[in-house]
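Values below: all heavy atoms of this structure, side chains included; hydrogens, waters and symmetry mates excluded.
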Amino acid sequence: MRRIAMFRSLAVRNYRIYALGQLISNPGTWMQRIAQDWLVLQLSGGSGIALGMTTALQFLPMLFFGLWGGAMVDRFDKRKLLILTQAGMGVLAVALGVLATLGAAEVWHVYVFAFGLGMITVLDNPGRQAFVPEMVDRDLLPNAIALNSASFQLGRVTGPAIAGLLIGLIGSGPVFMINGLSFAFTIAALLMVRTADLNPTERMPRGKGQIRAGLSYIGGRRDLVLLLVLAGSVQFFGANGQNQIALMVNNVFEAGAEAFGVAAAALAVGALIGALLAARRDRPRLKLVLIGSMGFGVTQLLAGLMPGYVAFVLVLVPMGVLFMTFVTTLNATFQMSVDPQMRGRVMSMFLLVFMGVAPIGAPVVGLIADAFGPQASLFTGGAVTVVVVSVLSVLLMRTKGVAVRDLLPRRWRRAETAPAGSGRDHAGDHGDGADRQQHQHGAAEQLGVEPEEEAFTDEGPDQQGRGAEQQQNADLRG
C-alpha cells in the first residue's frame, strides 16, 4: 500500500489560507456551543426539554429550507456567499453575548438566537461543502474534506476546555462575544483567496424546477438514497450527543462547567483522531461507513452503562473516532459521486437529512432523559442505532449483491477458498471459487487500473451514478 501524505491538500495556496482561517475560528464556534448549552441549563433550571428545544430550533431551518438553500448555493458565487453568512453569524453571537453579559438574557432569547443561527446555516453549510471542490482538484478532495473535519474537531478539543474555564471565570456572555470576533478570521481568509486560481462550478441559471430536478437526481441513485436513510437514522440520536453529555455531567455526575468542557473535549479528541486517520486514506470506502456507524452505536450503549464520570469520559474517545470515521467517509462519498452542477443541491439534501433530524431527535432525547434519566437516553440511542444500522447494512449489501464473506479481509477470503487436505479441488469447486473471486473483484476490474479515477467521470449524472455504484461494490468487499 502506498504511503499517503496526511496534509497533501495544504500544498494548494487557496485551500491553505482557507484552512488556516477555519483553524483559528473553529475553537470560537465550539466555545459558543458550550456556552449556549450551559446558559440554557442555568436559565431553565437544568431542563432537558429546554436544552432539546434550543437544539431543535437551531436545526429546524435546515429541515424546512435546506433544499432551497442548496439551490441558492448552486446559483451564486460561493466565496461571496460565505463572506455574508460568516458576517451574519458573528453579529448574532455578539448580540446574544451582550444580553448575557448584561444579565438580561432569558431562555426565549437563546431560542431566537438558535433559530437565527439555523437560518444562516441553511446557506452557509452547503456553501462551505460545495466551496472545497472549487479550491482543490478531485484527487485531493477526500484529503481536504478530512482536514476540514480535523480542523473542526481540533476546535472541538480546545474550544470546550477554554469555554469551561472562561464560563467559570467571566460567565457565558463574553464567550459569545469572543466567538463573534473569531468569525473575522474566516472572513479575512475568504477575502485573501485568489479567485483566478479557483475552479468554479458553472452556476445554475435562475429557473423553475431546480429543487425538483435535484430530488429527481437523488431519487435515481439508489446508493445515495440508502446512504441518506443511514445518515438520518444514525443522526436521530447522534446529533444530540452534546445534549446527552451535558445532561449526564449536570444531572447524573453533578459536576460543573469545567467537567462538561472536559467531557466534550474527550469526544472531540476521538473525533480529531478519526478525522486525521481519514486524511491518510486515498479515497472513501463504503465499508468504513458501515463500520463507523455500527461502532458509534455500540459505544453509545457503553457510555450509557458507565457508572462514573471518569469511565464515561474514557468511552467518549472511541465514540468520537468511530463517529468521525462514519461522517468523513460518508461526506466524501457524496462529494465525489455527484454531478458538480448538482453538488449544492445534493449536499443540501445530505445536510438536511444529517442535521435536519436533530429537531426531531432533540425533544425525544430530552423527554427520555427527564422521564428515565440521561443514562436511559444514551442507552436507547445506542440500541436504536445498532438495530437500524444492521438492517440498512443488510439492505445495502443485498442491493449491491455483496455477501457477508465479501466483507472479510482478502487474505481471510483466500484462506477460506484455498484447497484443503490433499490440495486437490473438484472441478466444480474450482469453477465456483474462480467465479466467486471474479465476482468479488469484477467491479474494480471493470473500472480499470485505477477504479477511483474511473468511477466518477465527466460523462454525465447517469454515467457517474453507475460508476459510483460499481466502486462502492468493490469498496464493500475491501
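Remark: D37 does not engage R33 in a salt bridge, criterion side-chain N to carboxylate O under 4.0 Å.
Between L81 and M72 there is no side-chain heavy-atom pair separated by less than 4.5 Å. Annotation: side chain of Q36 is in contact with side chain of T54 (closest heavy-atom distance under 4.5 Å). Contact of the F379 side chain with the Q300 side chain is not registered, since no non-hydrogen atoms from C-beta on lie closer than 4.5 Å. Taking 4.5 Å as the limit, every side-chain heavy atom of F260 sits out of range of all side-chain heavy atoms of N250. Looking at T325 and L277, their side chains never come closer than 4.5 Å, going by heavy atoms from C-beta outward. Residues F64 and V122 are not in side-chain contact: their nearest non-hydrogen atoms beyond the backbone lie 4.5 Å or more apart. A heavy-atom distance below 4.5 Å is found between the side chains of P174 and T101. F7 places none of its side-chain heavy atoms less than 4.5 Å from the side chain of R16.
Distance check: Q375 CD to L305 CG gives 9.5 Å after rounding to the nearest 0.5 Å. Between the OG1 atom of T186 and the CG atom of L20 there is a distance of 9.5 Å, given to the nearest 0.5 Å. Atom CZ of F326 sits about 5.0 Å away from atom CG of L330, to the nearest 0.5 Å. In this structure, CZ in F372 is found 11.0 Å from OG in S377, a value given to the nearest 0.5 Å. Here the CE-CD1 distance, from M89 to I120, works out to 6.0 Å after rounding to the nearest 0.5 Å. For the atom pair OH (Y15) and CD (Q22), the distance works out to 8.5 Å, reported to the nearest 0.5 Å.
Contact detail for V73 and G127: the closest heavy-atom pair is CG2-N, 3.7 Å. Residues L43 and E106 share a closest heavy-atom pair of CD1-C, 3.7 Å. Nearest heavy atom pair, residue Q32 against residue A93, reads OE1-CB, 3.1 Å. Closest approach of A369 to L247, counting heavy atoms only: CB-CD1, 3.7 Å. Pairing each heavy atom of T385 with each of S293, the nearest pair is CG2-O, 3.8 Å. What you find for L10 and A19 is that their closest heavy atoms are CD2-CB, 4.1 Å.
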- Please report the C-alpha distance between S9 and L147 in whole Å, then the side-chain angles of each, then the deciding distance to 0.1 Å, and finally whether the side-chain contact (heavy atoms from CB on, under 4.5 Å) criterion is met. CA-CA 8 Å; S9 56; L147 290 183; 3.3 Å; yes

- Task: For side-chain contact (heavy atoms from CB on, under 4.5 Å), just list the numbers for L301 and V386, CA-CA rounded to whole Å, side-chain angles, deciding distance to a tenth of an Å, and then say yes or no.
- Result: CA-CA 9 Å; L301 282 168; V386 168; 4.1 Å; yes

- Is there a side-chain contact (heavy atoms from CB on, under 4.5 Å) between F176 and L39 once you walk through the steps? CA-CA 11 Å; F176 284 104; L39 181 61; 4.0 Å; yes

- Task: Dump the intermediate steps for side-chain contact (heavy atoms from CB on, under 4.5 Å) on Y111 and Q58, then the final yes or no.
- Result: CA-CA 8 Å; Y111 288 168; Q58 185 164 333; over 6 Å; no

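Using modelled atom types, one finds no donor on one side chain facing an acceptor on the other under 3.5 Å when comparing E134 with N14. Side-chain N/O atoms of S182 and N179 include a donor and acceptor closer than 3.5 Å.
Put simply, the side chain of T299 gets close to the backbone of F296: a donor and an acceptor are under 3.5 Å apart. Side-chain N or O atoms of R79 include one that pairs as donor or acceptor with a backbone N or O of L190 at under 3.5 Å.
Atom CZ of F185 sits in a sparse spot, with 12 or fewer heavy atoms from other residues, nucleotides or ligands closer than 6.0 Å.
Ring geometry for F131 versus Y18: interplanar angle over 60°, hence perpendicular rather than tilted (30 to 60°).
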